[in-house]
Amino acid sequence: QGIYKGIQMGEIIICLFGLIATTLLICAQVVNRYWLRIEVMWLNDLALYVFILLMFMAFAATTWKEGHVPVEIFKNMVFKNRPVGGAVYRVFLVVLSIVILLAIFPVTYQFTARAIKYPEYATLVRWLNTSWLMITLFVAFCLTLLHLLVILTRDIKVMVKTIQMNRRRG
């Protein structure tokens, strides 16, 4: 539980610093380009890379916060007075998300292994190894899978409790 909380905190910190860094880099680029009339080409690349890192970590953080946009209208219409059906539906959605993620996982792993084995460098900043983008995407996939598994165990417990309570009312 402590390690999991640490992972969550790390994701939030990366997102926070990523958002601040992206904002500052874009502001610096605007000041350089339009006020100082000095265009620093690598600043745009750096802002883009920081933003991509932010987005990858936001995928994982959004999953554990369960902040994604679920189709609540369907659930509310179909399972309004049926708590067991609603609980089963939640478990189904999480399992479906895990299945989809696992279907994409092998391809992501292959691209990541290739990125590690054959580094690719940026066009404007020749020394910048852009393979970290693929590696970060893979880490975000792993974190998202971890969060989905935690959510699944919680939702299965809720579903079992809901079924037991429904049987008692009977």
Side-chain angles (χ1 to χ4, degrees), residues 1-72 74 90-156:
Q1 191 71 348
I3 293 172
Y4 188 65
K5 290 286 184 195
I7 290 171
Q8 291 173 333
M9 183 58 67
E11 290 170 3
I12 292 298
I13 289 170
I14 289 172
C15 288
L16 176 67
F17 283 117
L19 186 59
I20 292 169
T22 301
T23 304
L24 292 175
L25 288 167
I26 296 297
C27 287
Q29 181 64 1
V30 168
V31 167
N32 279 334
R33 181 182 289 173
Y34 297 109
W35 287 349
L36 302 176
R37 306 271 188 238
I38 303 168
E39 187 166 354
V40 183
M41 296 297 290
W42 59 267
L43 214 51
N44 275 343
D45 282 354
L46 184 58
L48 176 64
Y49 295 143
V50 170
F51 181 73
I52 291 170
L53 174 64
L54 160 70
M55 290 288 76
F56 288 166
M57 286 300 108
F59 297 155
T62 301
T63 300
W64 70 261
K65 293 282 252 176
E66 296 183 76
H68 56 286
V69 184
V71 185
E72 292 294 325
F74 174 76
R90 275 193 59 83
V91 168
F92 169 76
L93 284 181
V94 175
V95 168
L96 181 63
S97 297
I98 291 171
V99 167
I100 291 169
L101 194 63
L102 288 175
I104 300 169
F105 205 80
V107 174
T108 308
Y109 177 78
Q110 289 173 347
F111 276 109
T112 303
R114 184 176 181 273
I116 291 169
K117 190 173 183 179
Y118 305 107
E120 293 183 30
Y121 295 93
T123 53
L124 293 176
V125 184
R126 298 275 179 200
W127 52 265
L128 180 63
N129 183 352
T130 60
S131 296
W132 70 269
L133 293 168
M134 199 62 229
I135 296 165
T136 306
L137 177 62
F138 183 73
V139 169
F141 264 63
C142 292
L143 291 171
T144 302
L145 182 61
L146 170 69
H147 297 316
L148 285 171
L149 291 171
V150 169
I151 291 168
L152 180 63
T153 56
R154 184 205 62 207
D155 285 355
I156 287 174

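Just so you know, these numbers use all the heavy atoms, side chains as well, and skip hydrogens, waters and symmetry mates.
Checked against a 6.0 Å centroid threshold, the rings of F105 and F138 count as neighbours.
Within 6.0 Å of CD1 in I3 there are 12 or fewer heavy atoms belonging to other residues, nucleotides or ligands.
Listed here is the closest heavy atom pair of P119 and S131: CA-OG, 3.2 Å. Residues V50 and A21 come closest through the heavy atom pair CG1-CB, 3.8 Å. Heavy atoms only, all atoms of each residue included: A58 and C15 are closest at N-SG, 3.6 Å. When all heavy atoms are compared, the tightest approach of A140 to A60 is O-CB, 4.1 Å.
When atom types are taken as modelled, the side chain of T22 and the backbone of L19 share no donor-acceptor pair closer than 3.5 angstrom.
The structure places CD1 of I52 at 11.5 Å from CE of M134, a figure rounded to the nearest 0.5 Å. Once rounded to the nearest 0.5 Å, the distance linking CG of D45 with CG of L25 reads 11.0 Å. Between L133 atom CG and F111 atom CZ the span is 13.5 Å, to the nearest 0.5 Å. With rounding to the nearest 0.5 Å, the separation of CG in L143 from OG1 in T63 is 9.5 Å. Considering CD1 of I12 and CD1 of I7, their distance stands at 13.0 Å, rounded to 0.5 Å.
Annotation: side-chain hydrogen bond (donor to acceptor under 3.5 Å, both in side chains) contacts involving residues 97-114, sequence neighbours excluded, comprise R114-E120. The side-chain hydrogen bond (donor to acceptor under 3.5 Å, both in side chains) analysis of residues 2-20, with sequence neighbours excluded, yields the pairs Y4-H147, E11-W64, E11-H147.
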Q. Between L102 and L145, does a side-chain contact (heavy atoms from CB on, under 4.5 Å) hold up when you go through it step by step?
A. CA-CA 8 Å; L102 288 175; L145 182 61; 3.9 Å; yes

| query | For L152 and L148, what are the C-alpha separation, side-chain angles and deciding distance, and is it a side-chain contact (heavy atoms from CB on, under 4.5 Å)? | reply | CA-CA 6 Å; L152 180 63; L148 285 171; over 6 Å; no

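You'll find the side chain of T130 reaches within 4.5 Å of the side chain of Y49, heavy atoms only. Under the 4.5 Å side-chain criterion, counting only non-hydrogen atoms from C-beta, I104 is in contact with I100. Residues T136 and M57 have side chains in contact (heavy-atom distance under 4.5 Å, counting atoms from C-beta outward). For the pair W132 and L53, the minimum side-chain heavy-atom distance is below 4.5 Å.
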